Amino acid sequence: MNEARPRRTWQDLSPGQRGAALVAGAVQLMLLIAAQRDLTRRPDDGVRGRKLWWRVVTFVNFVGPISYFLFRRVPAQRGASKRAA
């Protein structure tokens, strides 16, 4: 039978592994904040689908915020002015 491996703790990691984990966590947090902030500022018609679902999806590690930025934002129209002429 398979014997369970002992769980690794933070102290078991090398300094390089600890640094990599911290950098990955910081990148994940920045992506999450950027996606949530964009969702807050973007009007409903600027997002494909429901904003509530995108808020939930962005909490999935790396995949959620990246998929939001790649697939579900409606790009801003260039050259379109918000002011009436």
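This structure is a prediction, so every number in the text was calculated from the model and none was measured.
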Can you give the donor-acceptor pairs under 3.5 Å from side chains of residues 18-33 to other protein atoms, not counting sequence neighbours?
| residue | atom | partner | partner atom | Å |
| --- | --- | --- | --- | --- |
| Arg18 | NE | Trp10 | O | 3.1 |
| Arg18 | NE | Leu13 | O | 3.3 |
| Arg18 | NH2 | Trp10 | O | 3.2 |
| Arg18 | NH2 | Gln11 | O | 3.3 |
| Gln28 | OE1 | Phe62 | N | 2.5 |

Task: Co-members of Val60 in a cluster of I, L, V, M, F, W and Y side chains, linked at under 4.5 Å - done: Val63
Open item on the list: Can you give me the closest heavy-atom contact between Arg48 and Phe71, atom names plus distance?
Closed with: NH1-O, 2.9 Å
- [ ] Report yes if some heavy atom in the side chain of Phe59 is under 4.5 Å from a heavy atom in the side chain of Gln36; otherwise report no.
- [x] yes
Open item on the list: So, using salt bridge (charged side-chain N to carboxylate O under 4.0 Å, His left out) as the criterion, who are the partners of Asp44 when residues are at least two apart?
Closed with: Lys51
Task: Apart from Leu52 itself, residues in the same hydrophobic cluster as defined by side-chain heavy atoms under 4.5 Å - done: none
Task: Rounded distance (nearest 0.5 Å) linking atom CZ of Phe69 with atom OG1 of Thr58 - done: 9.0 Å
